[in-house]
*Asks:* 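Shown below is the structure under consideration.
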Amino acid sequence: MTGLDPALRELRDQSRHIAAELRALALPLDADPQDTAPLLDSPALELLRHTGTPRRFRSAAIPRWAEEFTAGCLGRVVANIELARGDASVLNACAAPSLAGFTVDALGDKAQQEFFYEELAKHRSWTFFAMTEPEHGSDATGMETRLTPGPDGGHRLNGTKRYVANAARGSIGVVFARTGPTPLSIRAALLRLPAPGFTGSALEMTGLRGACIGEMTFDDVSVPRERVLGAHLPASRRGLWGANRAFNVVRLQIAAQALGVAYAMCDLVRADRPGWTGHEVVSARLDAARELLYDTALSVDTRPDNRYPPSLAKLHTTALAVETGRWAEAALGPAALLHHPLLEKWCRDVGAFEFMDGTSNVLRLTIAPSAAPRREGR
Amino acid sequence: MRENTRDTIDRCEDAGYADGLAAGLALALDGTSPGPAPGGIAALPANAVPGGSAVIPHVMAAREGIVFLRQEPAAPATATGPAAFCARLGAARLGVTRRLADCVLAHLTGRSSGGEPILRKQLVQGTLADARVTTEVARRALLVGGASTAAVADVHDRLTVLDWELAKLLGAAGYAGESAAREVFVSRLTAGCWLPRVRVT
């Protein structure tokens, strides 16, 4: 077993404490995800916002235990499991740097990072990460959004992105766009909104409504030259491929959140049926998945470019969460999902993890062996 | 007798396929009484709900024309129940599943990934082929197992699994915005109200 050191155990325990605050916001947020006042008033989300911000850009101090959250991938996994066990939708409603922050960390120069994080600190902004397109999903080879030279020495952004978290309410983030025909010509632009030519709209979501997924349309939006990320990097690291390490961490975080929701569903069944031992197989599966995630986190820290372990972990826990929902429904008897609104919501929420950062089939293509097995080791 | 059953099952499936879950449920309820809902919450077509009923608000269900209402006192869950009605409901759900399969095909047709049509990807073809098999088997299982609550419940469970496998092929399009995937979730909730499922022991 992957034993947690005292610092990580405290992070886990404190995250459980925060999770209770997230749980209290869960059903109201599901009913009205546009009501942001409770989110902005939440001390738990405020702490998570500061915790997810690199230390040099924080506008407030965080407790020592919270430093473990970003100290390594294992800390992120430990915390995300427990926080999502409170409620993953509320966790995804947090106005934190999130995936945009990872991208700016990986591709941005010092000035770009300062611009991004100072904006966040000043306005408590939601962030967006605009990659997916209506006709091509996240298939970068088909990306149509274009970044072209503008008359003022900067660039013009044209295209449509869909299924983007915080599409309508985000005020700073990154947009991936094509500057030419090759995969290496896909670049990320740092964008502050609102901006002339931009339109954002929210989409009705089946679940995980706190993420406020929507559509973004760019019609000749001006992008100053200095807001295009990666100019200081080698050509091969400037765009999509430069952000691959960040994607690995995010994929594992999503896997951790899926497992957290599965734990929440199992917890609910056990609370409703005290003394019942029928949860043992499911509980064992969840604990095994947690071990898998802990091991995967350690491997991501040591081999950050290896896409295989986080893909495997996410493929497993997203399916496990869906299955756990069905098991919980059966375990609680007729009309279980209507008698237990949180369970009903979680059964909807877990569907979101399927398409976030790689569908199951995309992950299978990453995981499938492509050669005869080697004999040494596993 | 078997022909009558087949005709009823076929008509419920056709209604679910052509007109959606509420129409299929209405036909499943037509001329039969399912008795009290085993969990104390009934799922009915919106136009069949008596005035003054204790309705449980549910946005997704309302959009599909389905209403959940409390029945007091709840009937005790038993291993035997209105299997024939649940078989009809299963057929209506089967029709809804086929609607979703049509949406999936429409969504995937013309789309490509990595320069290859998505419908030619083996993982996708495998899922669509398995869906056809499950659909054909489920229809026959409802026909021959209509007297067995357990057999009918098994069909419902397999439809719930199949619905999710199909919805996954829609990607985010099946999760955000207008989508047939929403209807199959309400289909699952509706089945949950009527299946006399005994709490797993």
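Computation of the quantities below employed the complete heavy-atom set of this structure, encompassing side-chain atoms and omitting hydrogens, waters and symmetry-equivalent molecules. Naming: A, B, ... by sequence-line order, numbering from 1 per chain.
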*Asks:* For chain B, find which of A:Thr132, A:Ile213, A:Val322 contributes the most heavy-atom pairs closer than 4.5 angstrom.
*Replies:* A:Val322
*Asks:* Scan residues 59-70 of chain B for pairs that pass side chain to side chain donor-acceptor pair (under 3.5 Å), counting only residues two or more places apart or in two chains.
*Replies:* B:Glu64-B:Arg182
*Asks:* To the nearest 0.5 Å, what is the distance between CG on A:Asn361 and OG1 on B:Thr127?
*Replies:* 5.5 Å
*Asks:* Measure distances from A:Pro341 to the heavy atoms of chain B and classify the residue's part below 4.5 Å as side chain, backbone, both or neither.
*Replies:* neither
*Asks:* With a 6.0 Å cut-off (strictly less than), is the heavy-atom count around CZ of B:Arg140, excluding the residue itself, greater than 12?
*Replies:* yes
*Asks:* Using a 6.0 Å cut-off, check whether atom CD of B:Glu116 has over 12 heavy atoms from anything other than its own residue.
*Replies:* yes
*Asks:* Among B:Ile118, B:Val124, B:Val161, which has the most heavy-atom pairs under 4.5 Å with chain A?
*Replies:* B:Val161
*Asks:* So which of B:Ala176, B:Gly115, B:Ala42 has the biggest tally of heavy-atom pairs under 4.5 Å with chain A?
*Replies:* B:Ala176
*Asks:* Using non-hydrogen atoms only, which part of A:Glu135 is less than 4.5 Å away from chain B: side chain, backbone, both, or neither?
*Replies:* both
*Asks:* Side chain, backbone, both or neither: which part of B:Ala167 has a non-hydrogen atom closer than 4.5 Å to chain A?
*Replies:* neither
*Asks:* Supply the atom-to-atom distance A:Arg326 CZ to B:Asp157 CG, rounded to the nearest 0.5 angstrom.
*Replies:* 9.0 Å
*Asks:* Mind ranking A:Ala31, A:Cys347, A:Gly351, A:Gly214 by heavy-atom pairs under 4.5 Å with chain B and telling me who comes out on top?
*Replies:* A:Gly351
*Asks:* Please report the interatomic distance CG(A:Leu208) to OH(B:Tyr175), rounded to the nearest 0.5 Å.
*Replies:* 5.5 Å
*Asks:* Once you round to the nearest 0.5 Å, how far does CZ of B:Phe68 lie from CG of A:Leu338?
*Replies:* 5.0 Å
*Asks:* Which bit of B:Ser112 comes within less than 4.5 Å of chain A, counting heavy atoms only: side chain, backbone, both or neither?
*Replies:* backbone
*Asks:* Which residues in residues 85-94 of chain B have any heavy atom closer than 4.5 Å to a heavy atom of chain A?
*Replies:* none
*Asks:* Output yes when a side-chain donor or acceptor of A:His339 lies under 3.5 Å from a complementary backbone atom of B:Gly39, and no otherwise.
*Replies:* yes
*Asks:* Which pairs count as ring pair (Phe, Tyr, Trp, His ring centres under 6.0 Å) when at least one residue sits in residues 144-174 of chain B, sequence neighbours excluded?
*Replies:* none
*Asks:* Could you state the interatomic distance from CZ (A:Arg348) to CG (B:Leu189), rounded to the nearest 0.5 Å?
*Replies:* 8.5 Å
*Asks:* Output the residues of residues 48-60 of chain B for which the shortest heavy-atom distance to chain A is under 4.5 Å, in residue-number order; output 'none' if no such residue exists.
*Replies:* B:His58, B:Met60
*Asks:* Please test B:Leu123 against A:Leu365 for side-chain contact (heavy atoms from CB on, under 4.5 Å), starting from the C-alpha separation and ending with a verdict.
*Replies:* CA-CA 9 Å; B:Leu123 286 170; A:Leu365 295 176; 4.0 Å; yes
*Asks:* So how far is it from B:Arg111 CZ to A:His136 NE2, rounded to the nearest 0.5 Å?
*Replies:* 8.0 Å
*Asks:* Looking at every heavy atom in both B:Arg197 and A:Pro334, which two are closest together, and how far apart are they?
*Replies:* O-CD, 2.9 Å
*Asks:* Is A:Glu344 in contact with chain B via its backbone, its side chain, both, or neither, using a 4.5 Å heavy-atom distance?
*Replies:* both
